[in-house]
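First the structure, in the form of C-alpha cells, and then the observations on it.
Heavy-atom basis, side chains included; hydrogens, waters and symmetry copies ignored.
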Amino acid sequence: MEKPGRSYNNHNQLWFAILISFILLLLCFHYSNTFPSPNNNVFTFSLNNNTDSCNGRYVYIQNLPFRFNQFLLQNCHILTRGTDKSNMCPYMKNLGLGPEIKNQNFNGVLLSNTWYATNQFLLEVIFHNKMKNYECLTNDSSLASAIFVPSYIGLDISRFLWVSNLTVRDSSGFELVEWLVKKPEWKRMWGRDHFLVSGRISWDFRRQFDDLAYWGSKFRFLPESMNMSMLAVEASSWNNDYAIPYPTSFHPSMDGEIYQWQSKIRHQKREFLFTFTGAPRPENEESIRGKIIEQCRGSSFCKFIDCSYGGEKCDDPVNVMKVFENSVFSLQPSGDSYTRRSIFDSILAGCIPVFFHPGTAYSQYKWHLPKTRTKYSVYIPVKDVKEWNVDIEKVLLRIPEKDVIAMREEVIKLIPKIVYADPRGKLDNFEDAFDLALKGILERIENVRETMRKGKDPSVGFADEDHYKYTFSDN
C-alpha cells in the first residue's frame, strides 16, 4: 500500500527537476544568437560576456579576390617602380619579414636570429600575416567589432604612381570599393567599421585633382573609401588616416629576445654625440638637410652617413644599427615626406631622436609614442630654412647628463611598442606595434558605434581634414 504523501513528494521532485533544467538552459543560452549584433547599433548581451576575453575585440578578415593581395605576392617581380629595390621577391620571404640575417653577419652589432632584411614597403604584408594569427578572429562577421580589408594597396599603387594615365592609376581603388560595397558587412555601418593598411604614406592615395601635375591616386577621396579608416606608415591631415610605425629589421618571437636586446643597448658605449643618416635634398630649397649635413660635417661630435646614390649602405641593417648604437642622438629631419623609417631604426638602437617638424612624429604615431615628447626626444622647430639660426651641437651639449640618461631609458622602453613581432612567435609580456595599432583602431570604431547609438550622424568629423595637425609649436 502506498504511503500517504508519496505522490505529493514525487510531484515536488518533478517540478524541482524542471526548474533546475530551466536554470541550466538559461546559463547556456547565448543571447547574441537572438539580439542584433553591435554592428546594428544595439548592445550584444551575453551571460558569459565577463569571461569572453575577446568581447569587443573580434575582427573579421574580408576574403578579398586574389587580385588585391596574393596576385602581388606571386608576381613580386613586377613590384619594382616605386620601391627601393629592383626585385622585391626576396623580401617576401618569412611572411614579409624578408631574408634572415645570419649570425656570421652580426659583427657584434646584432643579437639572436630575430633580424631580417625587412623592406619598408611591406608593412601591409606583415600586418596581414600578424592578423591571421590574431587571437580574436571570427568567421562570423556579425560578431565582429571591426572588418579588416587585407588589400595590398601600397604595393599595388607602386606600379602606377608614375603612369600618366590617371584612369589606370585609379582603377584598382575603384575596383576595391566596388567589390566591398556589395558585401553584407558593408551595410551595417556603411564601411565605418572597415579598416585597411598601407606600407606607403597616406598622401600617395590623396590626389585631390585630376591633373597630371598632382601626385598619387584619388582612392582616399572616393566616397566609399572615405567611410573607411586607413593605417599607414605616415598619416595625412585627414581624420580617417592613422600613422603606425615603419617596420624595422628586428622581429622578436619571444619576450626574452626583447629583454636581451634592451640590455645590450642600455650598456652600449656611444662615441658620438649625434649622427645623421640620409641623403641631401639639393633640389628641394625648403629642405633643412643641407644645413644639417653642413653642421654635422663641421662637428667632431657628429657622424654623417651619406645615403645618396653611390654612398654608404644605408639599407644594410647591420650597418644602420652600428651607426645608431654608437650615437647618443639621431637627427630626424623631414625627407621626401614628413616621416622616415630612420626614426624607428634609431629608437631601436636606443638613440634619442631629434625632430625639427611636428609632422615627423608628434602628430603621427599617437598610439605608439609618448604624449609628452620631452620624455623621449628633442624638438628643434625650424619653420623656415632661410631663417636657420640653430647650432645643433650647442643645443645638444646643453642638455644635462641626467636628462639624457632618462630620455634614453624612455627610448629603450619604447622598443617593443615600435617593432612588429614575428607572426610565428608570441609575446606574453609586451604589446608590439601591431597590438597597439589594432587596439587603437578598435577604439576608434567603437567610438563611431557609440555615436550611432546616441542617434548622431557618424559622418560628422569622420573624414574631415585637420588643418592644424602639422602646425609648429615652440612648446
Side-chain angles (χ1 to χ4, degrees), residues 84-85 90-91 94 97-120 245-252 257-280 289 292-293 295-297 299-333 335 340-354 376-378 392-393 396 404-405 407-416 418-420 422:
D84 57 353
K85 297 296 176 185
Y91 299 92
N94 296 303
L97 304 183
E100 182 181 346
I101 301 173
K102 302 297 183 181
N103 279 342
Q104 60 266 28
N105 298 324
F106 283 4
N107 294 329
V109 178
L110 311 181
L111 293 175
S112 70
N113 292 317
T114 56
W115 292 82
Y116 299 82
T118 304
N119 188 279
Q120 71 176 57
Y246 285 82
T248 66
S249 294
F250 182 48
H251 303 283
E257 292 162 348
I258 295 178
Y259 289 127
Q260 185 185 30
W261 178 251
Q262 288 177 318
S263 177
K264 174 190 178 341
I265 61 171
R266 183 177 283 116
H267 300 97
Q268 184 75 33
K269 291 184 179 180
R270 299 177 186 266
E271 179 182 355
F272 297 100
L273 176 65
F274 60 111
T275 190
F276 174 60
T277 62
R289 287 194 175 201
I292 285 175
I293 292 172
Q295 289 200 12
C296 186
R297 280 178 164 160
S299 171
S300 60
F301 293 96
C302 186
K303 175 70 173 177
F304 171 53
I305 301 297
D306 187 359
C307 296
S308 57
Y309 183 77
E312 301 187 54
K313 294 181 179 180
C314 293
D315 59 349
D316 180 351
V318 178
N319 194 42
V320 170
M321 282 295 106
K322 183 178 180 180
V323 172
F324 285 135
E325 285 179 27
N326 213 19
S327 182
V328 178
F329 297 95
S330 67
L331 308 183
Q332 299 294 341
R340 312 174 70 211
R341 169 176 168 165
S342 178
I343 299 168
F344 301 101
D345 286 333
S346 66
I347 289 175
L348 182 57
C351 198
I352 302 165
V354 180
Y376 75 100
S377 68
V378 176
I392 299 173
E393 179 182 302
L396 298 180
V404 172
I405 293 172
M407 279 191 284
R408 183 186 301 129
E409 186 59 32
E410 192 65 32
V411 166
I412 292 172
K413 290 178 183 177
L414 286 176
I415 289 173
I418 59 95
V419 299
Y420 296 89
D422 192 321

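Between S263 and H267, the closest heavy-atom pair is O-ND1, 2.8 Å. The two residues S112 and Q260 have their closest heavy-atom pair at CB-OE1, 4.2 Å. Contact record, T248 with R341: C-NH2, 3.7 Å, taken as the closest heavy-atom pair. Among all heavy-atom pairs drawn from Q262 and I415, the shortest one is CG-CD1, 4.3 Å. Across every non-hydrogen atom of I258 and P416, the tightest pair is CD1-CB, 4.0 Å. Here the closest heavy-atom approach between residue S342 and residue Q332 is recorded as OG-NE2, 3.1 Å.
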task: Give the intermediate values and the outcome of side chain to side chain contact (heavy atoms under 4.5 Å, CB included) for residues F329 and L273.
output: CA-CA 6 Å; F329 297 95; L273 176 65; 3.8 Å; yes
field: V354/I392 under side chain to side chain contact (heavy atoms under 4.5 Å, CB included): CA gap, chis, key distance, verdict
entry: CA-CA 10 Å; V354 180; I392 299 173; 5.5 Å; no
message: Assess the residue pair L396 and V378 against the criterion (side chain to side chain contact (heavy atoms under 4.5 Å, CB included)); give the C-alpha distance rounded to whole Å, side-chain angles, the decisive distance to 0.1 Å, and a yes or no.
response: CA-CA 8 Å; L396 298 180; V378 176; 4.3 Å; yes
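Checked by atom type and distance alone, the side chain of S249 pairs as donor or acceptor with a backbone atom of Y116 at under 3.5 Å. The closest donor-acceptor contact from the side chain of R270 to the backbone of F324 lies under 3.5 Å. In this structure, H251 contributes its side chain and T114 its backbone to no donor-acceptor pair below 3.5 Å.
At least one side-chain heavy atom of P245 sits under 4.5 Å from a side-chain heavy atom of Y420. Residues C296 and K303 fail the side-chain proximity criterion, which asks for heavy atoms closer than 4.5 Å. Contact check for C351 versus V411: no side-chain heavy atoms found under the 4.5 Å cut-off. Looking at L111 and E257, their side chains never come closer than 4.5 Å, going by heavy atoms from C-beta outward. The shortest side-chain heavy-atom distance between V318 and L110 falls under the 4.5 Å cut-off. Looking only at side-chain heavy atoms (C-beta outward), V328 and F272 stay at 4.5 Å or farther from each other.
A donor-acceptor pair shorter than 3.5 Å cannot be found between the side chains of T275 and S327.
Here CD1 of I418 is found 8.0 Å from CG of D345. Values are rounded to the nearest 0.5 Å. In this structure, CG on D306 lies 6.5 Å from CD1 on I293, to the nearest 0.5 angstrom. With values rounded to the nearest 0.5 angstrom, I305 atom CD1 is found 6.5 Å from N319 atom CG. For the atom pair Y246 OH and I343 CD1, the distance stands at 7.0 Å (nearest 0.5 Å). Distance CD/Q268 to CD1/I412: 10.0 Å, rounded to 0.5 Å. Taking CE from M321 and CH2 from W115, the interatomic distance works out to 5.0 Å, rounded to the nearest 0.5 Å.
For residues 258-267, the pairs satisfying salt bridge (charged side-chain N to carboxylate O under 4.0 Å, His left out) are K264-E325, R266-E409, with sequence neighbours left out.
Listed by chain and number, the residues in a side chain to side chain donor-acceptor pair (under 3.5 Å) with E100 amount to none (sequence neighbours excluded). Every residue meeting the side chain to side chain donor-acceptor pair (under 3.5 Å) condition with E393, not counting sequence neighbours, appears here in chain and number order: S299.
Aromatic ring pairs are classed by plane angle as parallel below 30°, tilted from 30° to 60° and perpendicular above 60°; the pair F276 and F304 is parallel.
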